[in-house]
Amino acid sequence: MAKNRLLIPLLAIMTAGYLRAEGPTGSEGSGWEASRKLAEELAKRQPEINYFEEKVPKYTLPDPLLMSNGHRVGDARTWQTKRRAEILELFLANVYGRAPVGRPQIMTFEVFELDRKALGGIATRKQVTVYFTENKEGPSMDILIYLPNAAKAAVPTMLILNFGGNHAIHADPSIKLSKSWMRGGDKGAGDNRATEQSRGRDYSSYPVEKILKRGYGLATIYYGDLDPDFADGFKNGVHAVFDKSADGSRPGDAWGSIGAWAWGLSRAMDYFETDSDIDCNRIVVLGHSRLGKTALWAGAQDERFAMVVSNDSGCGGAALSRRQFGETVERINKSFPHWFCENFKKYNGREDDLPVDQHMLIALIAPRPVYVASADEDLWADPRGEFLACKNAAGVYRLLDVNQPGRPRLPAGRFDVETLEMPGLNQPIQQGKIGYHIRSGSHALTEYDWERYMDFADLHLSSRGKNF
Ligand code: GTR
């Protein structure tokens, strides 16, 4: 497993959470359990946070298949035409807020760099600026794309937002050095700007050559191009351009930063639809941590994404909020007041009043394949809560797969995640449309994770045509 270098700069920017402890961690074999020792150490450092299973309150999850009028959804059509829209609306109004709908009227793409012999000849590298308005001064985003030259046709591609600038994912000197705002604490980005020092710094979280070798492309965007990650009253990034109220006020359901980052992923999809080197029917959107929350939200809204991956996304991502294990709604809203919409703050300490929980976010991705991953030491993100969200979304997947016209009945065991208890460490569940693993180690995006995601994509996207 690659040594995680993304974690080093990230540690500096996290206000809390990923505290590590020495000593034995969760169990191998059947049914992962959090290490008691780790939980105790974390609880000592953060007594206000719950790290113990026995202290999880009793809760009842809203039923994804129960309509607001009390009727039960019994067929795929009712889900697609009615219930899906209801749930989406609840997330828009109460959790992430509303982004502008669809692509901006005046949006242009400029391929400002193209090399068909990149990385020693194995890859095609493209760099594209997406201008959201006619103003070339911004806001805009740069997409860095690597495609395997071994591909014989349009390439299925992994799309991921990055934390440190496109230039930080690989040492390739031709990657444009980001000019966007960078967190000052980032090594090599003094004065809130990136420097050459950060080139290739986060490579271990983006194993470009390995991805290309497996036949996938990689497309990545610095998340700060869309919205710099700090609370500034939404004065910069895409909010500054697209929030238009005469008196400058923002409604309680206006989009937060996660909404803006997810919106950017859909704009990248708009670009892919114009690029014949990329297979826009096989785009996998994935993300780590806050950007894992973002990937889920992007995939939930935009059905053009063929598969969605959440890596250690935790609270507001794949983890069930009602469990109040690790990071809570109140805690996340206080630490990151700009991530969600204002209305989400009404649920601080009142998780049971939320009309949704995060299993319903996963259900919105159905019937497309979704993969959720946790890490053993990442108790802040509540691994069990992430697994349980998958499990409680499985009913929607079963309904859709069984009932879709022309689709064969699926073999038994297909919905493993629904019947299984949480698997042991490093025992991925991959056969069904909902994939899950918990790997050993800490909060990070590692090569082990990438390998599982590509295995899962091989399994579930190949029916869309294999061309390499
Ligand atoms: C933490 C936050 C998490 C997670 C993480 C990250 O500080 O509490 O929800 O998103 O940051 O994005 O690295």
Side-chain angles (χ1 to χ4, degrees), residues 4-20 42 45-46 48-51 95-96 160-165 168-169 182-183 185-187 201-202 204-206 220-224 226-231 256-262 264-265 285-298 309-321 323-341 344-345 347-348 351 357-358 361 372-375 377-386 389 441-446 449:
N4 193 289
R5 295 165 68 201
L6 176 62
L7 194 65
I8 299 164
L10 272 180
L11 278 179
I13 66 176
M14 290 175 189
T15 56
Y18 301 106
L19 307 177
R20 297 193 56 184
L42 294 173
R45 285 187 249 175
Q46 293 177 298
E48 74 289 4
I49 300 291
N50 174 34
Y51 287 108
V95 183
Y96 304 103
I160 183 166
L161 290 172
N162 67 67
F163 287 92
I169 74 140
M182 288 283 152
R183 194 171 302 277
D186 228 40
K187 295 258 181 318
R201 183 195 56 201
D202 300 336
S204 69
S205 289
Y206 307 89
T220 188
I221 301 156
Y222 171 52
Y223 80 136
L226 290 148
D227 188 24
D229 190 2
F230 58 90
S257 294
I258 292 176
W261 301 327
L265 290 167
V285 62
L286 77 153
H288 170 61
S289 206
R290 68 199 68 186
L291 300 178
K293 308 179 207 298
T294 304
L296 286 169
W297 179 228
V309 178
S310 149
N311 192 86
D312 304 357
S313 62
C315 180
L320 292 175
S321 303
R323 280 172 47 82
Q324 298 175 43
F325 186 107
E327 188 171 34
T328 60
V329 169
E330 176 160 16
R331 181 57 188 256
I332 205 166
N333 277 329
K334 290 207 165 132
S335 308
F336 306 101
H338 56 298
W339 280 4
F340 299 88
C341 70
F344 194 45
K345 295 179 182 148
Y347 302 99
N348 288 352
E351 284 84 353
D357 210 319
Q358 300 305 109
L361 183 65
V372 171
S374 313
E377 295 164 24
D378 189 11
L379 301 190
W380 183 244
D382 186 13
R384 188 174 302 280
E386 297 190 309
S442 59
H443 183 74
L445 174 58
T446 70
D449 299 314

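Nothing fancy with the numbering, it's 1 onward along the sequence. Counting starts at 1 for both ligands and their atoms, in listed order. Here the structure is a predicted model, which means the values were calculated and not measured.
Under the rule for a side-chain contact (heavy atoms from CB on, under 4.5 Å), the partners of A260 that lie at least two apart in sequence or sit in another chain are D227, V238, H239, W255.
In this structure, a donor-acceptor pair under 3.5 Å is absent between the side chains of N333 and W339.
Both the backbone and the side chain of R290 come within 4.0 Å of ligand 1, counting heavy atoms alone.
Heavy-atom contacts of K293 reach the following atoms of ligand 1: 3 (C), 4 (C), 9 (O), 10 (O) (cutoff under 4.0 Å). The ligand atoms of ligand 1 that sit less than 4.0 angstrom from a heavy atom of S289 are 4 (C), 5 (C), 6 (C), 10 (O), 12 (O), 13 (O). Below 4.0 Å from some heavy atom of I332 lie the following atoms of ligand 1, by number and element: 9 (O).
Ligand 1 has no N or O atom lying under 3.5 Å from any N or O atom of W339, backbone or side chain.
Open room surrounds NZ on K334; 12 or fewer heavy atoms of other groups in view lie less than 6.0 Å from it.
Heavy-atom distances between H288 and ligand 1 stay at or above 4.0 Å for every pair. Under a 4.0 Å heavy-atom criterion, Y223 is not in contact with ligand 1.
Using a 4.5 Å heavy-atom threshold, the side chains of R290 and D229 count as touching. Looking at Y206 and I160, their side chains come closer than 4.5 Å, going by heavy atoms from C-beta outward.
Between the K293 side chain and the G314 main chain, no donor and acceptor come within less than 3.5 Å of each other.
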